[in-house]
Amino acid sequence: QVQLVESGGGLVQTGGSLRLSCTASGRTFGSYAMAWFRQAPGNERDFVAAISWSGSVTNYADSVKGRFTISRDNAKNTVDLQMNILKPEDTAVYYCAAAAYGSAWSSPRQYNYWGQGTQVTVSS
């Protein structure tokens with residue numbers, strides 16, 4: 001069992017930056033692939049970025065490539081999402097997700113555990 005808690009959301013102006021962090025409980029964090037998804041009102045939950053259990057493989061949605069960076073620290077049980085050059089269309093609730101023995105998958109159906117989400121709002 002893994003419990004995930006996100007932090008770092010907030011309100012930022014267009015072009016600004018935010019860093020989201022997800023802290024996981026449990027001693028086997030290093031065996032989980034981790035990902036970030038986001039959901040805007042009325043929309044489905046969309047893939048943002050993912051990282052394999054080792055950190056050697058990353059995967060990004062086309063809409064965030066070159067602007068967002070996912071990273072993990074297995075010693076601290078954390079996965080971060082650095083978001084730069086934010087746009088109003090990045091506004092959403094951002095969720096952290098974990099998949100046991102997974103890779104950098106992009107489908108939400110492949111993730112077993114989810115955090116409660118953190119709101120990111122980008123003003124124009």
Side-chain angles (χ1 to χ4, degrees):
Q1 190 79 7
V2 174
Q3 293 185 327
L4 305 173
V5 178
E6 302 97 335
S7 61
L11 174 65
V12 65
Q13 291 185 333
T14 297
S17 298
L18 280 175
R19 188 176 183 89
L20 304 183
S21 186
C22 174
T23 301
S25 64
R27 292 175 291 178
T28 59
F29 176 76
S31 64
Y32 286 82
M34 302 297 296
W36 288 94
F37 290 80
R38 65 187 181 187
Q39 188 167 19
N43 289 1
E44 295 183 349
R45 192 165 294 189
D46 294 329
F47 171 71
V48 176
I51 189 167
S52 62
W53 63 270
S54 67
S56 62
V57 179
T58 57
N59 187 17
Y60 295 92
D62 287 343
S63 59
V64 306
K65 280 181 182 177
R67 300 189 298 124
F68 292 10
T69 302
I70 189 170
S71 60
R72 67 186 296 158
D73 186 335
N74 287 347
K76 296 181 179 179
N77 281 16
T78 58
V79 59
D80 291 347
L81 184 69
Q82 178 65 44
M83 305 186 296
N84 298 327
I85 318 175
L86 283 161
K87 306 175 182 179
E89 51 264 43
D90 294 319
T91 295
V93 177
Y94 282 70
Y95 296 91
C96 177
Y101 301 105
S103 188
W105 296 323
S106 60
S107 171
R109 295 187 295 273
Q110 293 171 303
Y111 290 84
N112 313 98
Y113 304 100
W114 293 84
Q116 294 298 307
T118 185
Q119 177 71 47
V120 171
T121 303
V122 185
S123 64
S124 57

Checklist entry - Okay, side chain of E6, backbone of C96: is any donor-acceptor separation there less than 3.5 Å? => result yes
Item to check | Contact check, side chains of R45 and Y95, non-hydrogen atoms, under 4.5 Å | outcome: yes
Checklist entry - Any Lys/Arg nitrogen of D90 or K87 sitting under 4.0 Å from an Asp/Glu carboxylate oxygen of the other? => result no
Next on the checklist: Any non-hydrogen side-chain atom of T118 less than 4.5 Å from a side-chain atom of S7?
Outcome noted: no
Checklist entry - CD of Q39 to CG of D46: how many Å apart, nearest 0.5 Å? => result 8.0 Å
Next on the checklist: Treating T78 as the side-chain partner and C22 as the backbone partner, does any N or O pair qualify as donor plus acceptor under 3.5 Å?
Outcome noted: no
Next on the checklist: Looking at every heavy atom in both N112 and A99, which two are closest together, and how far apart are they?
Outcome noted: OD1-CA, 3.4 Å
Next on the checklist: Minimum heavy-atom separation for S107 and F37, please, with both atom names.
Outcome noted: C-CZ, 3.9 Å
Checklist entry - Judged by atom type as modelled, is there a donor-acceptor pair below 3.5 Å linking the side chain of T91 to the main-chain atoms of V122? => result yes
Item to check | Shared hydrophobic cluster for Y111 and Y113 (ILVMFWY, side-chain gaps under 4.5 Å) | outcome: no
Item to check | W114 versus P108, closest heavy-atom pair with distance | outcome: CZ2-O, 3.5 Å
Checklist entry - Does any non-hydrogen side-chain atom of R38 lie less than 4.5 Å from one of V120? => result no
Checklist entry - Given side chains that start at C-beta, do those of V2 and F29 come closer than 4.5 Å, heavy atoms only? => result no
Checklist outcome for this item: Smallest heavy-atom separation, A49 atom then Y60 atom, equals CB-CD2, 3.6 Å
Item to check | Exercise: identify the closest heavy-atom pair between A24 and L4 | outcome: CB-CD2, 3.6 Å
Checklist entry - Between OG1 of T121 and CD of Q13, what distance do you get to the nearest 0.5 Å? => result 13.0 Å
Item to check | Trace of the side-chain hydrogen bond (donor to acceptor under 3.5 Å, both in side chains) decision for D80 with Q82 | outcome: CA-CA 6 Å; D80 291 347; Q82 178 65 44; over 6 Å; no
Item to check | S25 (side chain) donor-acceptor with Q3 (main chain) under 3.5 angstrom | outcome: yes
Next on the checklist: Can you confirm whether E89 is buried at CD, in the sense that more than 12 heavy atoms of other residues, nucleotides or ligands lie under 6.0 Å from that atom?
Outcome noted: yes
Checklist entry - What is the distance from atom CE of M34 to atom OG1 of T58, rounded to the nearest 0.5 Å? => result 15.0 Å
Item to check | Heavy-atom side-chain contact between W53 and Y101 under 4.5 Å | outcome: no
Checklist entry - Do side-chain atoms of R72 reach the backbone of G30 as a donor and acceptor pair under 3.5 angstrom? => result no
Checklist entry - At what distance, to the nearest 0.5 angstrom, does CE of M83 lie from CD1 of I70? => result 11.5 Å
Next on the checklist: Please give me the minimum heavy-atom distance between S103 and A33, naming the atom from each residue.
Outcome noted: O-CB, 3.1 Å
Checklist entry - Would you say V48 and V12 are hydrophobically clustered, going by side-chain heavy atoms of ILVMFWY under 4.5 Å? => result yes
Next on the checklist: More than 12 heavy atoms of other residues, nucleotides or ligands under 6.0 Å from CD of Q110: yes or no?
Outcome noted: yes
Checklist entry - Is there a side-chain contact between F68 and L86, using heavy atoms and a 4.5 Å cut-off? => result yes
Next on the checklist: I need the S71 OG to L81 CG distance, nearest 0.5 Å.
Outcome noted: 8.5 Å
Checklist outcome for this item: Separation between CG (N84) and CG (L18), nearest 0.5 Å, reads 9.5 Å
